[in-house]
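One-based numbering, in listed order, for ligands and for the atoms of each.
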Amino acid sequence: MPKVTIARHILAANEEVAAEVRQRLAAAGVRCINLMSGPGAGKTTLLERSIARLRGRLAIGVIEGDIETSLDAERMEAAGSQVVQINTRGACHLEAHMVRDALEALDLQRLDLLFIENIGNLVCPAAWDLGEDLRAVVVCTTEGDEKPAKYPQIFAAAQVLLINKLDLLPYVDYDLERVRAQALAVNPGLQVFALSCRSGEGLDAWCDWLQTFAVRPSAVPAQAGPVSQEEGAAS
Ligand SMILES: Nc1nc2c(ncn2[C@@H]2O[C@H](COP(=O)(O)OP(=O)(O)O)[C@@H](O)[C@H]2O)c(=O)[nH]1
Ligand SMILES: [Mg+2]
Ligand SMILES: [Zn+2]
């Protein structure tokens, strides 16, 4: 059997579990965002800042995906949110069955919004539907301004792009407009937020958007469905 066919079977099985996760979350009235980026772009910091700003407005839970350690889950717990840590022990992306198992440890009735922090990787997380309602990709000003051109699949599979670490722009060669243009060339429907988790710039706009997404789903732009199985191979 050719390798690509095997990859499609694995992804098809994943789609079934993802549908189950999506159904369970919808039944509990919980909206879900799959947060993806390369290592260190600022996913966990963004979650800390968002949870702090939205305290009293939205109950946010987090599923933390990391290859090893519970460091990020400890940061989420300190931020005051319900959190479950998944350690993949080497695997470079999360899969839907890991999310399904993690849901058992969360009180969904007490949540409005669930974030899944994916493994730091701009490649294969794009191919794995986790049962989320929306995918957001984070890039940052220290990682080079050609990422959407070099890793188009993950930008094509997302609905939201966050460009983080604006505070460092004076110290790096990073053309914000170039990144925005590359990303929109790959995916014209992307909603783009530029922000700094350190200075707080742009965080209000992001948090207002999040609140609308969580409580008035119909008020945010239509989302693309999960990526098709042909778009990425399992790895
Ligand atoms: N200067 C600056 N540093 C940031 C910003 N956001 C995150 N960081 C730092 O970037 C590093 C990686 O952040 P982290 O949230 O752990 O990234 P993750 O691997 O994507 O979860 C940490 O040292 C953060 O303090 C920002 O807006 N500006
Ligand atoms: Mg992290
Ligand atoms: Zn992977």
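- Counting heavy atoms from C-beta outward, Val62 and Ile51 have side chains that approach closer than 4.5 Å.
- The two residues Leu25 and Cys32 make their nearest non-hydrogen contact at CD1-CB, 3.6 Å.
- Of the possible polar contacts, one joining the Gln182 side chain to the Asp145 backbone as a donor-acceptor pair under 3.5 Å is found.
- Nearest N/O/S atom of His93 relative to the Zn ion (ligand 3): this is ND1.
- In plain terms, the two heavy atoms of Ile63 and Val99 that are nearest each other are CD1-CG1, 4.0 Å.
- A distance-only check finds no donor-acceptor pair linking the side chain of Asp112 to the backbone of Ala214 [under 3.5 Å].
- Protein N/O/S atoms closer to the Mg ion (ligand 2) than 2.8 Å number 3 in this structure.
- Here the closest non-hydrogen pair linking Leu130 and Val21 is O-CG1, 3.5 Å.
- A distance limit of 4.0 angstrom between heavy atoms and ligand 1 selects the residues Ser37, Gly40, Ala41, Gly42, Lys43, Thr44, Thr45, Arg75, Glu117, Asn164, Lys165, Asp167, Leu168, Ser196, Cys197, Arg198.
- For the pair Leu134 and Val160, the minimum side-chain heavy-atom distance is below 4.5 Å.
- With contacts defined as side-chain heavy-atom distances shorter than 4.5 Å, the pair Leu195/Glu201 does not qualify.
- Here the side chain of Asn164 pairs a donor or acceptor atom with the backbone of Cys197 at under 3.5 angstrom.
- To the nearest 10 degrees, the Zn ion (ligand 3) sees SG of Cys92 and SG of Cys124 at an angle of 120°.
- Of all non-hydrogen atoms in Leu54 and Leu210, the two that sit nearest each other are CD1-CD1, 3.7 Å.
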